[in-house]
Amino acid sequence: MKEARTTGHISRGPRRGLHHAALAALWACALLLTGCAAGPPGQHAGHGPAGPPGTTATAVPPGLADHYRQKLRWTPCEEQPSFQCTTLRAPLDYARPESGDIRLAATRKKATGTGARHIGSLLFNPGGPGEPAITSLWSFAGAFSPAVRASYDLVAVDPRGVGSSTPVNCGGDAAGTPAAVRGLPGSGGPDEDGPATEPHADGPDFAAADEAARETATACERGAGRLLPHVGTLDSARDLELVRALLGDERLHYLGFSYGSYLGASYAGLFPSRVGRMVLDGAVDPTLDGVHSLLGQARGYQIAWDSFAADCAARPACPVGHSAAEAGPALDALVDALDRAPLRQGKDVVVDGDSLISAVTTALMAPAWEKLRAALREVRTGDTTTVQELGGAFEDSGFSGDAYVAITCLSGSLGARATPAQARAALPGFLRASPRFGRYFADQLSTCAHWPVPADQPAGPITAPGAPPILVVGTTRDPATPYTEARALARLLSSGRLLTYDGDGHTAYLRSVGCVDDAVDRYLIRGQLPPTGTVCA
């Protein structure tokens, strides 16, 4: 459930998936592992802001006049003086604005162009949920092409519950034990607490996962109970509308990756007439429930592993065999060996089977196949250097497991609420979908089983009737947000247009894929959609 790239982007980013990092963090991770290059310059055209806040054509919602009259005061960010920062007030409960406010934090990088070259603001969300957008934008603003930088102020808002906005705080990392971010199963990295108590060969311990979910729910209700009903994706979409008005933009121009695509689509569903140029990369299918979302991810990681394995087998000294058929069992054997005898590096670091799976999934998202081959080769000799590098890529991402669970469990498309018996019954289907990763995703089926707040956004179609064209980007072997979901979202949206990247890794834009970068830039700068059926390789 999906959300910047070497590790960080997110999962839907990503339980929609992960654990120690967010999908957004995963997007960032992938950028660091693979590098990124700005797309070529384009021509500039477009429309500017419609006027000062509160003067847009849309009427101010009842009870929110005071919020819409705020003046944003931008000052140099303390940590990144080349960016500007601000805070604003948003209602805790949009249905009852009088019940109090929360804080939203935002950052922006002013456009380099002026006059007709300046289109407005481009709101950016890297994924997650639970990944701060502000620090992601600080890290990756330089990946945008000069033409986009000339046309837009780049703006990021930490979603409610996340980062420098009013945070969800359950007294610790609520997602620290079960896997918890779209896109990455397993423990999320070398584990200082020691190996898992149960070998992978025996399958997930669904009773233990259910109890962990219960403990998380209890801790969050105790530590953040008042906030929990109000951190869902729909409320974050309403926050985007407030920010749009305060920025003075007539329409919301938006770029969302992974879970950020779900946030963007949710905005379009609520405010179709306010949509500007919207790019949804690594798209989430809103009609899937939490169980089928996890099942799709399991299948997506299997496809990604098989692609890596076929490439590896064609190379000399492949560490997992001489054919694609040998690779899966070879990985299983390494995982089982590490569970039986974890590798200890120094006093605190223990590398077990979950650590290796976490490294594998991180590398598949990037994609970072050379690093993955190195990690698999090294671990055979007792060296965990690259496994630790891949697993530790999330350490400084700012990802919040507390926020991940709180946001995920308010969405019927992101959070699963299976009982141990239901999870056990679903396991064979997960193993058929993915012999390598099925058990890890099945272990996430109870994430929201004991959540104290019901979902406020059921799984279902988002069509955004009357919205201008929305560009959906899908990668054919994306493990975290499978390509089938991008196709589904593009068909659901009344004005959706699908751009396909025939390739590997999670998301496509800003990953040095010239065809994708050029197509997205033309759309953002000129409003020109790629032709129907465009496939980039």
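The chain is numbered in sequence order, starting from 1.
- Side-chain N or O atoms of Thr87 include none that pairs as donor or acceptor with a backbone N or O of Leu104 at under 3.5 Å.
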- Item | Test log, rule salt bridge (Lys or Arg N to Asp or Glu O under 4.0 Å), inputs Arg244 and Glu250 | CA-CA 8 Å; Arg244 175 203 64 78; Glu250 180 67 21; 5.6 Å; no
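- Residue pairs meeting the salt bridge (charged side-chain N to carboxylate O under 4.0 Å, His left out) criterion with at least one partner in residues 139-159, sequence neighbours excluded, are Lys110-Asp153.
- Residue Ile102 is tested with Arg89, His230, Arg160 for a side-chain contact (heavy atoms from CB on, under 4.5 Å); the sole match is Arg160.
- Using a 4.5 Å cut-off on side-chain heavy atoms (C-beta onward), Leu123 and Val157 make contact.
- A distance-only check finds a donor-acceptor pair linking the side chain of Ser413 to the backbone of Leu288 [under 3.5 Å].
- Looking at Thr166, its side chain never comes within 3.5 Å of a backbone N or O of Gly161 through a donor-acceptor pair.
- Contact annotation: the side chain of Pro468 approaches that of Arg251 to within less than 4.5 Å [non-hydrogen atoms, C-beta and beyond].
- Looking at Asp517, its side chain never comes within 3.5 Å of a backbone N or O of Tyr509 through a donor-acceptor pair.
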- Candidate pair Asn125 and Leu263, rule side-chain contact (heavy atoms from CB on, under 4.5 Å), full reasoning: CA-CA 8 Å; Asn125 185 281; Leu263 175 57; 3.8 Å; yes
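- Contact check for Pro286 versus Tyr262: side-chain heavy atoms found under the 4.5 Å cut-off.
- A salt bridge does not link Arg238 with Glu241: every distance from a Lys NZ or Arg NE/NH1/NH2 to an Asp or Glu carboxylate oxygen is 4.0 Å or more.
- For the atom pair Arg108 CZ and Phe83 CZ, the distance stands at 12.5 Å (nearest 0.5 Å).
- Put simply, the side chain of Ser446 never gets that close to the backbone of Ala449: no donor and acceptor are under 3.5 Å apart.
- Residues Pro159 and Asp239 fail the side-chain proximity criterion, which asks for heavy atoms closer than 4.5 Å.
- Closest of all the heavy-atom pairs between Val162 and Pro132 is CG1-N, 3.6 Å.
- Each of Asp281, Asp478, Thr507, Val516 was checked for a side-chain contact (heavy atoms from CB on, under 4.5 Å) with Tyr501, and the lone residue meeting it is Val516.
- Here the side chains of Thr216 and Cys170 are not in contact, with every heavy-atom distance at 4.5 Å or above.
- The CZ atom of Arg487 sits 10.5 Å away from atom OG1 of Thr476, with the distance rounded to the nearest 0.5 Å.
- Closest of all the heavy-atom pairs between Pro76 and Pro81 is CB-O, 3.9 Å.
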- Task: Go through Phe271 and Leu252 one step at a time and tell me if the side-chain contact (heavy atoms from CB on, under 4.5 Å) criterion holds.
- Result: CA-CA 10 Å; Phe271 307 104; Leu252 181 82; over 6 Å; no
- Message: Let's go through Ser151 and Leu524 carefully: what are the C-alpha distance in whole Å and the side-chain angles of both, what is the deciding distance for side-chain contact (heavy atoms from CB on, under 4.5 Å) to 0.1 Å, and is it a yes or a no?
- Response: CA-CA 9 Å; Ser151 301; Leu524 287 175; over 6 Å; no
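- One N or O on the side chain of Ser494 and one on the backbone of Ala464 form a donor-acceptor pair closer than 3.5 Å.
- Between the side chains of His506 and Ser258, a donor-acceptor pair is found at a separation under 3.5 Å.
- Ring planes of Phe124 and Phe257: perpendicular class, angle over 60° (limits at 30 and 60°).
- The two residues Pro91 and Leu64 have their closest heavy-atom pair at CG-CD2, 3.7 Å.
- Residues Tyr254 and Leu240 meet the side-chain proximity criterion, which asks for heavy atoms closer than 4.5 Å.
- A donor-acceptor contact shorter than 3.5 Å is absent between the side chain of Thr107 and the backbone of Ala156.
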- Message: Is there a salt bridge (Lys or Arg N to Asp or Glu O under 4.0 Å) between Arg526 and Asp521? Walk through the geometry before answering.
- Response: CA-CA 8 Å; Arg526 307 178 203 163; Asp521 284 359; over 6 Å; no
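- When every heavy atom of Pro97 is checked against every heavy atom of Pro62, the shortest pair comes out as CG-O, 4.2 Å.
- Counting heavy atoms from C-beta outward, Leu242 and Tyr94 have side chains that approach closer than 4.5 Å.
- Counting heavy atoms from C-beta on, the side chains of Pro452 and Leu228 come closer than 4.5 Å.
- Between Asp443 and Ala209, the shortest heavy-atom distance links the atoms OD1-CB, 3.5 Å.
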- Task: Tell me, with the steps shown, if Arg103 and Ser164 meet side-chain contact (heavy atoms from CB on, under 4.5 Å).
- Result: CA-CA 8 Å; Arg103 179 186 70 254; Ser164 297; 5.5 Å; no
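- The minimum heavy-atom distance linking Gly171 with Asp402 is given by the pair N-OD2, 4.2 Å.
- The distance from the CD atom of Glu131 to the CD1 atom of Ile407 is 11.0 Å, given to the nearest 0.5 Å.
- Checking His292 against Asp285 by side-chain atom types alone, no donor-acceptor pair falls below 3.5 Å.
- A donor-acceptor pair under 3.5 Å is formed between the side chain of Arg277 and the backbone N or O of Ile525.
- Other residues, nucleotides and ligands contribute only 12 or fewer heavy atoms inside 6.0 Å of the CD atom of Glu78.
- To the nearest 0.5 angstrom, Gln80 atom CD is 6.0 Å from Trp138 atom CH2.
- Although no hydrogens or angles enter the test, the distance criterion places no donor-acceptor pair under 3.5 Å between the side chain of Glu221 and the main chain of Thr218.
- Side-chain atoms of Tyr267 never come within 3.5 Å of backbone atoms of Val275 as a donor-acceptor pair (strictly under, hydrogens ignored).
- Rounding to the nearest 0.5 angstrom, the gap separating the CZ atom in Arg417 from the CG atom in Asp210 is 13.0 Å.
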